[in-house]
Structure formats: structure tokens, C-alpha cells
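Computed from a predicted model, the values in this text were never measured in an experiment. To find a chain, count down the sequence lines: A is the first, B the second, and so on, and within it residues start at 1.
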There are 2 protein chains.
Amino acid sequence: MSTFIKESRPYQECERFDPLQMSDFQLKDSQTVASQIYKTLRERIITMQLTPGVTMSEQETANALGVSRTPVREAFIRLSREKMVIISPQRRTAVAKISTERAQQEHFLRESLEQAVLEQFVLNLRPGAIDVLEQVIELQKQALLSKDFAAFLTFDDEFHRTFYVETDKYLCYQVLRRNCFDYQRLRYLSSCSDEAIQRMNLEQHEQMVRLIKERNLADVQALLRRHVRRIFDEIKVLKERYPQFIQ
Amino acid sequence: MSTFIKESRPYQECERFDPLQMSDFQLKDSQTVASQIYKTLRERIITMQLTPGVTMSEQETANALGVSRTPVREAFIRLSREKMVIISPQRRTAVAKISTERAQQEHFLRESLEQAVLEQFVLNLRPGAIDVLEQVIELQKQALLSKDFAAFLTFDDEFHRTFYVETDKYLCYQVLRRNCFDYQRLRYLSSCSDEAIQRMNLEQHEQMVRLIKERNLADVQALLRRHVRRIFDEIKVLKERYPQFIQ
DNA sequence: TCTGCTATACTGGTATACCACATCTTTGGC
DNA sequence: GCCAAAGATGTGGTATACCAGTATAGCAGA
């Protein structure tokens with residue numbers, strides 16, 4: 001029943017989170033401190049700036065950010081609920097390693113949901129919806145040209161998000177975002193390391209738009225399946241390249 | 001962008017959570033206090049013992065339970081992340097009303113996922129899986145005979161959970177549980193008030209098992225669709241019966 | 001009776017202090 | 001040199017105190 005990961009290495013050898021990484025953190029008045037810390041840490045974990053296995057202390061993070069432990073703790077609790085960090089009471093808190101088992105189930109969830117959403121999208125196509133997709137693709141092209149990989153992934157998300165927005169399924173999209181965390185990290189590892197993958201991603205998006213224009217539901221669903229499953233062909237490669245991150 | 005619900009009534013008229021309801025709460029050493037409070041409140045909200053709209057104070061809850069505000073606050077934060085309560089900073093915290101919009105999207109999520117899981121279940125039917133389903137149905141029958149409605153709903157969940165367990169999709173099941181909260185509350189309101197609905201539920205389960213035995217995927221998926229959509233035929237009735245709970 | 005001001009009580013957000021417990025380090029015996 | 005016991009250190013969990021902002025009630029003036 002215990003939820004924490006037993007580390008074979010002694011704690012003293014565990015890599016620790018370097019608080020200096022947070023030096024550019026600036027507090028805004030418009031949100032609660034806890035919420036800002038949560039978002040910052042989440043972003044840094046997904047983009048692998050905080051790598052899996054790294055130990056994070058509530059106290060150290062609070063010191064580095066110049067706030068008390070309370071809001072930091074609230075942020076940690078949120079992260080642990082979403083399995084981004086593993087809290088071992090009285091022991092330590094660490095960034096969770098990427099679980100391929102988890103990523104596969106997250107993928108299953110995403111594929112099942114997005115197939116259904118895509119069906120609704122194609123069957124009730126709103127005038128102008130295609131334009132939105134094509135605009136996003138244009139932004140992706142520009143990001144690719146300027147080699148801004150982070151922006152490219154943001155627009156990739158935006159492309160898929162459009163299906164949910166247009167079919168009034170935005171809450172479903174949020175559930176997906178909050179629960180497909182290991183899948184996202186794998187995707188980040190994969191895309192950022194290889195420009196060819198991003199180009200293929202872009203081509204598939206363009207092909208999807210063409211098929212949607214033709215109202216070709218069967219083919220667009222098949223393409224989406226291949227599109228989101230791509231990451232699994234690369235898991236083996238990623239596992240060899242980043243064995244310390246993936247379990 | 002604001003997430004809190006504007007109440008038209010002055011706060012003084014808002015119904016408040018009666019701490020005496022928690023008088024049977026007993027602390028166990030095996031879990032953290034925060035976790036126990038969370039589970040207790042969650043259970044009471046889902047089973048409508050804590051009704052939508054009721055105001056809950058961190059301090060009052062802490063007093064009633066004989067603990068400090070800190071673990072209570074952590075429980076509240078968890079609940080608010082799952083949209084079970086709405087925290088209005090510096091104003092109040094209240095049990096969220098049931099949103100039909102939310103329930104519909106939760107239903108869409110469940111239907112999309114469970115259809116896919118059911119397909120895997122039927123295509124890779126494990127010997128003994130049918131037995132598990134039939135055992136659960138037997139338990140439901142007994143609960144129905146003894147008019148134990150809460151137990152009936154538990155076994156109903158257990159029936160559907162079996163599909164996820166057998167197909168190694170348990171993490172997907174957990175995502176569903178944690179995100180189909182308004183759907184669950186509607187189902188509770190519906191089932192507990194009408195024994196006929198429970199009988200129909202049971203019959204549909206039996207029919208599903210028969211179709212699964214025949215490996216009749218198309219019909220069992222169609223039946224599942226009708227099965228989980230049943231609740232939506234009743235929303236109008238529920239909305240008239242409990243206008244104060246549903247928005 | 002109505003309106004607007006103000007004092008007060010109360011809310012949730014944050015800071016701080018303390019605790020039990022896991023781990024690490026030192027120590028003292030052989 | 002080894003190893004176990006004892007103390008030191010650090011962790012997350014909990015309790016308490018304080019803060020800024022909000023709602024309420026009561027009062028003052030019309």
C-alpha cells in the first residue's frame with residue numbers, strides 16, 4: 001500500500017534540486033504564492049529542467065524563493081496528487097521517475113477520449129474551425145524555422161486543444177492535461193532531441209486538416225491513432241538514452 | 001476568469017455545515033490526519049450528506065474534529081482541486097453545486113474510455129473474468145433484497161471497475177473516479193430514490209455478461225452506452241426535485 | 001425610514017514553531 | 001579494523017499566530 005519509491009542508493013548520494021535554478025522566480029500579486037510555485041515547478045518538471053529522481057526539500061525551496069514553507073508545501077501536495085513528485089513522509093520528496101506503464105495508460109486514456117472528440121468535431125464542423133487549425137499550423141511552422149522547440153510543443157498542444165474547445169469538451173481537455181503527465185514528459189524528451197520528429201508531427205497535422213476538410217472520419221481517426229502512438233515507437237530509444245529517468 | 005460562484009443570497013442566509021455531523025469521526029494512526037479528513041469529507045459530499053451550497057469553514061471543521069487548521073486546509077485544497085468545494089479567498093468555502101454541464105462532460109469522458117476498455121476486455125477475455133462479474137452481480141442482488149442502497153452502488157462501481165482491472169487499465173479507472181464527481185452525485189441522487197432504477201441497472205449488468213460470453217462486442221458496447229446514459233434521462237426529474245442542488 | 005460610514009468579526013493565505021521519525025554521523029567498545 | 005549504540009541532523013506532519021481582505025451589524029446623519 002505504500003506509495004513511496006524505495007531507492008537503492010543511500011540518500012546522501014541522491015542528486016539534489018539546486019535552488020539557484022529558481023533564481024529567476026518572481027512573485028506576482030495577482031495569484032496566491034502557492035499557486036505560482038505550483039505552476040513554476042510543474043513547468044520545470046514537464047520540461048525536464050527538474051529531472052526525475054532529484055530530491056526536493058520543502059525548506060530549501062522555501063528559502064530559495066524567499067517564502068515560508070506553507071505555500072511551498074501546498075504546491076508539493078498538488079504535485080504529489082498528480083504523481084509528479086513522490087512524497088516519502090519523514091524521508092524526502094523527489095521528482096517522480098517516468099513510468100512507462102503509467103505513460104501507456106495515459107496514452108490509452110488520451111487516445112480513447114480524443115478519438116471520440118474528433119468524431120464530434122468532424123460531424124459538427126463549425127465554420128471557421130478549420131481556420132483556427134490552419135493558423136496553429138502556421139505558428140508551428142514558424143517555431144520550427146526559428147528552432148524554438150518549446151514553442152513548437154506549445155502549439156502542438158494548441159492544435160489538439162482546438163478539438164476540445166470546438167466541441168465544448170474543455171473540461172475533458174483539462175482532465176487530460178492534469179493526468180497525462182508522464183506521456184507529456186516522454187513527448188518532450190522525444191521532440192526536443194530531434195527536429196525530424198517535429199517535422200513529421202507538422203506534416204501529420206496538415207494531413208489531418210486535409211482529411212477533416214473532406215469529412216473523412218475513418219481516415220482522420222486512423223491518422224490520429226498513428227499520430228499519438230508515435231511516441232511509443234521511441235520509448236525503447238529514450239529508455240536507452242535516458243535510463244536514469246525512465247523506469 | 002474568476003472561479004468562485006457568486007451567491008445571490010447574502011452570506012448570512014447561507015446554510016452552514018453542522019460540525020455535529022462529524023461527531024463519529026475517529027482518528028487513526030495509520031494515515032495522516034489530512035488524508036483522513038479528505039476521505040471523510042469526500043465520502044460525505046458524494047453521498048449528499050454534505051449538500052451542495054453548504055458553507056464550510058476551515059476553523060469550524062478543525063474545531064469539530066479536534067485538530068488544527070493545517071490538515072483541514074490541506075483536505076480542503078484537495079477537494080477544491082477536484083471541484084468538490086469552491087474556495088473563495090477571504091470569503092468562504094462551500095460545497096460545489098452539481099453542474100449539469102460538468103456532469104455531461106464527465107459522462108462523455110467515461111463513455112469514451114469505458115467503450116475502449118470494454119473492447120479490450122472482450123477481445124482478450126481472461127478465463128475467470130466472467131466469474132468475477134457474476135460474483136459482483138450476486139452481491140448486487142443481495143444488496144437489493146436487503147435494500148442496502150449504498151452497498152448496491154458500491155457493487156455497481158465494482159462491476160465496472162472489473163473491466164479496468166482485467167485489462168490492466170487501473171490508473172485510467174482512478175482518473176475516472178477522481179474526475180467524475182458530479183456524475184457520481186447525480187447517480188447517487190437517482191439510484192437511492194428509486195428501487196426500480198436499481199433493478200434495471202442489475203438487469204443491464206446481467207445482459208452485458210450474457211453478451212460478453214457470446215463475444216458480441218457491438219451489442220455489448222451499445223448496451224453499455226444505454227447503460228451509462230440512463231442518468232441523463234433523469235436529469236430533468238432530478239432538477240425539479242432538487243433545484244437547490246443542481247445548476 | 002433610508003443611506004452611508006465605521007467598527008468588528010470572520011475568512012482564507014502565509015509565517016513560524018514544534019513534533020515524531022528516518023537517516024546520518026559520531027562514538028565507544030571490542 | 002569492525003560494529004553496534006547513541007547522539008545529531010534533516011524530513012515531512014501538525015499546531016499556532018498573524019495578516020490583508022471581506023461581510024456584517026450598528027450607528028450617525030439626513
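One atom, CD of E58(B), and another, P of dA15(D), lie 14 Å apart when rounded to the nearest Å. Protein atom CD1 of I86(A) is 16 Å distant from nucleotide atom C1' of dT11(D), rounded to whole Å. Following rounding to the nearest Å, F76(B) (CZ) and dG13(C) (C1') show an atom-to-atom distance of 14 Å. In this structure, the CG atom of N63(A) is 13 Å from the C1' atom of dA15(C), given to the nearest Å. In this structure, the CD atom of E74(A) is 12 Å from the C1' atom of dA15(C), given to the nearest Å. Look at CD on Q59(B): it is 10 Å from C1' on dC10(C), rounded to the nearest Å.
By the side-chain contact (heavy atoms from CB on, under 4.5 Å) test, D168(A) pairs with no residue at all, sequence neighbours left out. Not a single salt bridge (charged side-chain N to carboxylate O under 4.0 Å, His left out) links R78(B) to another residue, sequence neighbours left out. Partners of Q90(B) according to the side-chain contact (heavy atoms from CB on, under 4.5 Å) rule, which considers only residues two or more places apart in sequence or in another chain, do not exist here. For Q174(A), the side-chain contact (heavy atoms from CB on, under 4.5 Å) partners two or more places apart in sequence, or in a different chain, are Y170(A), L171(A), R178(A). Residues satisfying the side-chain contact (heavy atoms from CB on, under 4.5 Å) criterion with A151(B), sequence neighbours excluded, are A143(B), D148(B), F155(B).
The phosphate of dT23(C) has OP1 or OP2 within less than 4.0 Å of a side-chain N or O from R91(A). For R92(A), no side-chain nitrogen or oxygen approaches OP1 or OP2 of dT23(C) to under 4.0 Å. For S57(A) and dT11(D), the shortest distance from a side-chain N or O to OP1 or OP2 is below 4.0 Å. The phosphate of dG12(D) (OP1 or OP2) has no side-chain N or O of R73(A) nearer than 4.0 angstrom.
At a cut-off of 3.5 Å, with distance as the only test, a side-chain donor of Q49(A) or T47(A) sits close to an acceptor on the other residue.
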Enumerate all atom pairs, one protein N or O and one N or O from nucleotides 16-20 of chain D, separated by less than 3.5 Å.
none

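Side chain of I87(A), nearest nucleotide from dG12(D), dA22(C), dT14(D): dG12(D). With distances taken from any side-chain atom of T93(B) to the nucleotides dA23(D), dG12(D), dG12(C), the minimum falls on dG12(C).
Between Y242(A) and F245(A), the angle of the ring planes stays under 30°, which puts this pair in the parallel group of the 30/60° scheme.
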